[in-house]
Enquirer: 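Here it is: the structure, laid out below.
For ligands, and for the atoms within them, numbers begin at 1 and follow the listed sequence. No hydrogens, no waters, no symmetry mates; every other heavy atom, side chains included, goes into these values. Remember, it's a predicted structure, so these values are computed and weren't measured experimentally.
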Amino acid sequence: MPAEIVLIPCLSDNYAVLLRDPASDTVALIDAPETAPIAEALESRGWGLSHILITHKHNDHIAGLAELKSRFGATALGPAAEAASIPGLDRTLAEGDVAEVGPWRFETIATPGHTKGHVVFHEPTEKWLFAGDTLFVMGCGRLFEDTPAAMWDSLSKIARLPSDTTVWCGHEYTASNARFCASVLPDDAAIAERLKKVEAQRAAGRPTVPTTIGAEKATNVFLRAGEDKVAAALGLPSGDPVAAFAELRERKNRA
Ligand code: ZN
Ligand code: FE
């Protein structure tokens, strides 16, 4: 039986994700932005909550952790490097650690950049990636705690995952991201087409998450920072993806 997956809008633009394996009744939550919508999603379905996986320490990803954990008796897992800032973790995870959760094996990938200890979770059999605030649809997280070089390396690790991997992101920032991508590469057909689709989805009140690695490699300028075309559009010499990535991130911060 396939997993049941619920995307839960939280706060103003966050997403949490619930995964349920019907055979074992395992229910895992990825990130805990707030309690109420997540508890409601569980209770309306009659589901328990066995595991909570946390991508990073920011309050909009952990504010519901303590209450959900105590109310549902879940086990909490999260980044080892941020354990001191995330009260209630039962198990810490670092690069390469595998979290066995019901039938799933979540491989931990360290993705410093947005925060120094940020991790993402990859389930290779299901082909899922839970990207937190590292990779967004047509965008990426702001660099609060690390360098462009570190974030570029983190995004490059993600880009090496199979193209048909489904990616859930921590926020709905897509409309703004898509406009930014189109402003950088106004003649890019794939970006223009996706911008139109995104605007229609948002106008209809639909989420743009999840995405795929393949779609991001095609239309996310941050993942395309190594392309000559992107360097040229930024007025930079080719062959320095970190410089192009840094310039993209700066421009998006000011956009
Ligand atoms: Zn964050
Ligand atoms: Fe966030």
Enquirer: Tell me, which N, O or S atom in His58 is closest to the Zn ion (ligand 1)?
Expert: ND1
Enquirer: Asp133: which N/O/S atom is nearest the Fe ion (ligand 2)?
Expert: OD2
Enquirer: For the Fe ion (ligand 2), what is the closest N, O or S atom on His61?
Expert: NE2
Enquirer: Less than 4.0 angstrom from a charged side-chain N to a carboxylate O is my criterion; do Lys69 and Asp90 meet it?
Expert: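 Here Lys69 pairs with Asp90 in a salt bridge, since their nearest N and O are under 4.0 Å apart.
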Enquirer: Strictly below 4.0 Å, N to O, side chains only: are Lys197 and Glu193 in salt-bridge contact?
Expert: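 Answer for the salt bridge query: no.
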Enquirer: Strictly under 2.8 Å, is any N, O or S atom of His118 next to the Zn ion (ligand 1)?
Expert: no
Enquirer: Taking the ring centre of each residue, are Phe136 and Tyr15 less than 6.0 Å apart?
Expert: no
Enquirer: Taking just the N, O or S atoms of Asp133, which one is nearest to the Zn ion (ligand 1)?
Expert: OD2
Enquirer: From the N, O or S atoms in Asp60, identify the one nearest to the Fe ion (ligand 2).
Expert: OD2
Enquirer: So does His114 have any N/O/S atom less than 2.8 Å away from the Fe ion (ligand 2)?
Expert: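 So His114 does not count as coordinating the Fe ion (ligand 2).
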Enquirer: Using a strict threshold of under 4.0 Å (side-chain N to carboxylate O), is an ion pair present between Glu172 and Arg206?
Expert: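 Salt bridge absent between Arg206 and Glu172.
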Enquirer: For His58 and His118, I'd like to know if the aromatic rings sit close, meaning centre-to-centre distance below 6.0 Å.
Expert: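 Ring centres of His118 and His58 not closer than 6.0 Å.
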Enquirer: Using 2.8 Å as the threshold, say whether any N, O or S atom from His61 sits that close to the Zn ion (ligand 1).
Expert: no
Enquirer: Using atom types as modelled and distance alone, determine if a side-chain donor or acceptor of Ser50 lies under 3.5 Å from a backbone N or O of Val27.
Expert: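 Yes, the answer is positive, given that a donor and an acceptor are paired below the 3.5 Å cut-off.
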